[in-house]
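The sequence lines fix the lettering, A, B, ..., with proteins before strands; numbering per chain opens at 1. Hydrogens, waters and symmetry mates play no part in the numbers below; they use all other heavy atoms, side chains included.
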Amino acid sequence: MASNTVRVRFAPSPTGYLHAGGARTALFNFLFARHHGGSFILRIEDTDRTRYEPDALADIMDSLRWLGILWDEGPEVGGPYGPYFQSERLHLYKHYAEELVRMGAAYRCYCSPERLEAMRQEQAARGEPPGYDRHCRYLTAKQIADYEAQGIVPVIRLMSPLEGETSFHDVIRGTITVDNRTLDDMVLLKSDGYPTYHLANVVDDHLMEITHIMRADEWIPSTPRHQILYKTLGWTPPIYAHLPVILDPSGKGKMSKRKKRTPDGREFPVLIREFRAAGYLPEAMFNFLALVGWSYDDKTEILTPEQIIARFDLPAVNAAPAAFSYDKLDWMNGVYIRALPAADLACRIQPVLAQAGRDVDLPTLERIVPLIQERIKTLNDAVEMTDFFFADPQGYDPRLLIGKKMTPEATLEALRRALDVLQTADFTEAGLEESLRAAAESLGMKPGDFFTPVRVAVTGKTVSPPLFGTLAILGRDRVLRRLGYALRLLSQANPTTSN
RNA sequence: GGCGCAUUCGUCUAGCGGCCUAGGACACCUCCCUCUCAAGGAGGAGAUCGGGGGUUCGAAUCCCCCAUGCGCUACCA
């Protein structure tokens, strides 16, 4: 039964941090594996030594784990098909490259980078499509001996068929066919002894018994060449599913590692670590990413990982590229935040506040959380929304104290009355509400008009969490102090009305 | 330039020949609730399915052409 077991892999190159597109690819592979009770493998394609970034691997693994995309085989977890780093499998690629040369399906190429560059320039000048001119494909034994004598280290190139066509089936797109004449002889083994993606990928997918390849659709053009490799090596190719690219929010151009900005200059997170730092929940990211290019039906959008796994299916993947909607992500993150138990949310917000230099004990935070839970879209929103719990608001515009339908005089009166009433009020939510409503009524003011100056005095802003709960948490001392400050501020701003 | 992929409300999508005078969600607008803001509830506006030809009794759904967008065209992945 082993041969029927689904085995899929996510094969990132450690040349950069994990971004949303890569995470989505990893997620789809993970979902597919879980759906079929198969294995999800993480393989590190570290064959590009010039672009290698030491921090990338740790970031990729951290990001995947944060999202809950756990691999069954790969770095740190091991597995029977290792090693899972291509840099540790060099001998394998070399072996198969040489094998292909022996079979007459590949050849050594001694062309210098300069020659290749010059060739491309000429092709461009003549308006011809670029591509290797197969100079070394037809070398004589003597020419080869000469190159070798000069000590030139060759690359190994695949001998692509000169005519006919190659096609393959894609689960999402159907059959894709290309004319072999449009294929050039790609490099399989570089002169530094490392394989290119094409060789390493095919060799490893075969050796690791990968059954399905889900990867970004930018790989479609090279898939025919991979087919040729499988065919000449006598291997059975896996089943392909090329995933649509993720476009940036404008819908023009793929969302890359490059930073994108909103029209007003706000920077969009692109890397998973950036989403994390911006206060998005991994559960929300998981749900959202699953819906980029896939959907279950025409209604359901909030789904648990279990539901997504149970329902995920390749034919339902949309072939068209999708723009990444930050608006929708924000909404979904809010949905997940609201669904969290308050204690859980408090635990998640605490480190965010700490990061902003605000230390709160958990019991206090657990009292604050219900006040802001349905008002924040990201964990980071809590920082600004709770700032007045940590410092007395100062230096705000005293005009904010004056409500829309209020005069400076009436505002001063309201503040004085509030100050008076709150000296003795019961500082519980219910007690405060009762006292303040009664105070408003005694002044003949509408509750809203009366509450506004209190709100501003206590929080420094016109928009805040519910007033009574806020006052209760702040406590009598701080509230009275802030009311006193507001009173002085407003009196100074309106000297004629002060007494 | 060549090759490839894609094309349904602003955005994400449902739709796989008749259930579509195209459904849902985000965003937007209005109203309700209401101490502000949110959340929640009720509504509204918004796509003739990129364009043009076919096939068919009937097409968003099948075929062809065009346009546009994106991708690939490296000793990068």
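Side chain A:Ser191 to base B:C75: a donor-acceptor pair is found below 3.5 Å.
Counting any heavy atom pair closer than 4.0 Å across all strands shown, A:Pro195 reaches sugar-phosphate atoms only and no base atom. A:Thr47 comes within 4.0 angstrom of sugar-phosphate atoms only, judged by non-hydrogen atoms across all strands, and of no base. Contacts of A:Cys109 with the nucleic acid, taken as non-hydrogen atoms under 4.0 Å apart, are absent. At a threshold of 4.0 angstrom between heavy atoms, the contacts of A:Gly293 are confined to the sugar-phosphate backbone, with no base atom among them.
The P atoms of B:C49 and B:U7 are separated by 15 Å, rounded to the nearest whole Å. Taking the P atoms as reference points, B:A42 lies 32 Å from B:A60, given to the whole Å. Separation of the C1' atoms belonging to B:U11 and B:U56 is 35 Å when rounded to the nearest angstrom. Between B:G54 and B:C3, the two C1' atoms lie 27 Å apart (nearest whole Å). Comparing the C1' positions of B:A59 and B:C20 gives an interatomic distance of 11 Å, to the nearest angstrom.
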With 3.5 Å as the limit, what N/O pairs link the protein to nucleotides 1-6 of chain B?
{"from": "B:C5", "atom 1": "O2'", "to": "A:Arg173", "atom 2": "NH1", "distance (Å)": "2.6"}

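At least one cation-pi condition fails for A:Arg108 and A:Tyr110: the charged atom is not both under 6.0 angstrom from the six-membered ring centre and inside a 45 degree cone around its axis.
Here the nucleotide nearest the side chain of A:Glu218, chosen from B:C26, B:A74, B:C72, is B:C72. Checked against B:G24, B:C75, B:A14, the side chain of A:Val187 finds its nearest nucleotide in B:C75. Nearest nucleotide to the side chain of A:Lys299, out of B:C12, B:C75, B:G23: B:G23.
Look at CZ on A:Phe168: it is 15 Å from P on B:C72, rounded to the nearest Å. When rounded to the nearest whole Å, the span between CG of A:Asp297 and P of B:U13 equals 14 Å. In this structure, A:Asp248 places its CG atom 10 Å from P of B:C70, rounding to the nearest Å. Regarding A:Arg43, its CZ atom lies at a distance of 13 Å from the P atom of B:A77, rounded to whole Å. Distance CG (A:Leu329) to C1' (B:U13): 16 Å, rounded to an integer number of Å. Atoms CZ (A:Arg225) and P (B:C75) sit 10 Å apart, rounded to a whole Å.
For A:Met385, the side-chain contact (heavy atoms from CB on, under 4.5 Å) partners at least two apart in sequence or on another chain are A:Ile372, A:Arg375, A:Ile376, A:Pro465.
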Reading nucleotides 33-42 of chain B from 5' to 3' and marking B where a protein heavy atom lies under 4.0 Å of the base, S where only the sugar-phosphate is that close, and - otherwise, the string is --BBBBSS--
A:Arg215 vs A:Glu45, test: salt bridge (charged side-chain N to carboxylate O under 4.0 Å, His left out). Steps then yes/no. CA-CA 14 Å; A:Arg215 65 191 359 171; A:Glu45 308 217 328; over 6 Å; no
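Residue A:Phe324 forms a side-chain contact (heavy atoms from CB on, under 4.5 Å) with just one option from A:Val270, A:Asp248, A:Leu329, and that option is A:Leu329.
When both pairing distances are held under 3.5 Å, B:C70 makes a Watson-Crick or G-U pair with B:G4.
Taking CE from A:Met159 and SG from A:Cys136, the interatomic distance works out to 11.0 Å, rounded to the nearest 0.5 Å.
At a threshold of 4.5 Å between non-hydrogen side-chain atoms, the residues A:Tyr194 and A:Tyr93 do not count as touching.
Proximity of a side-chain donor or acceptor of A:Ser325 to a complementary backbone N or O of A:Lys328 within less than 3.5 Å is detected.
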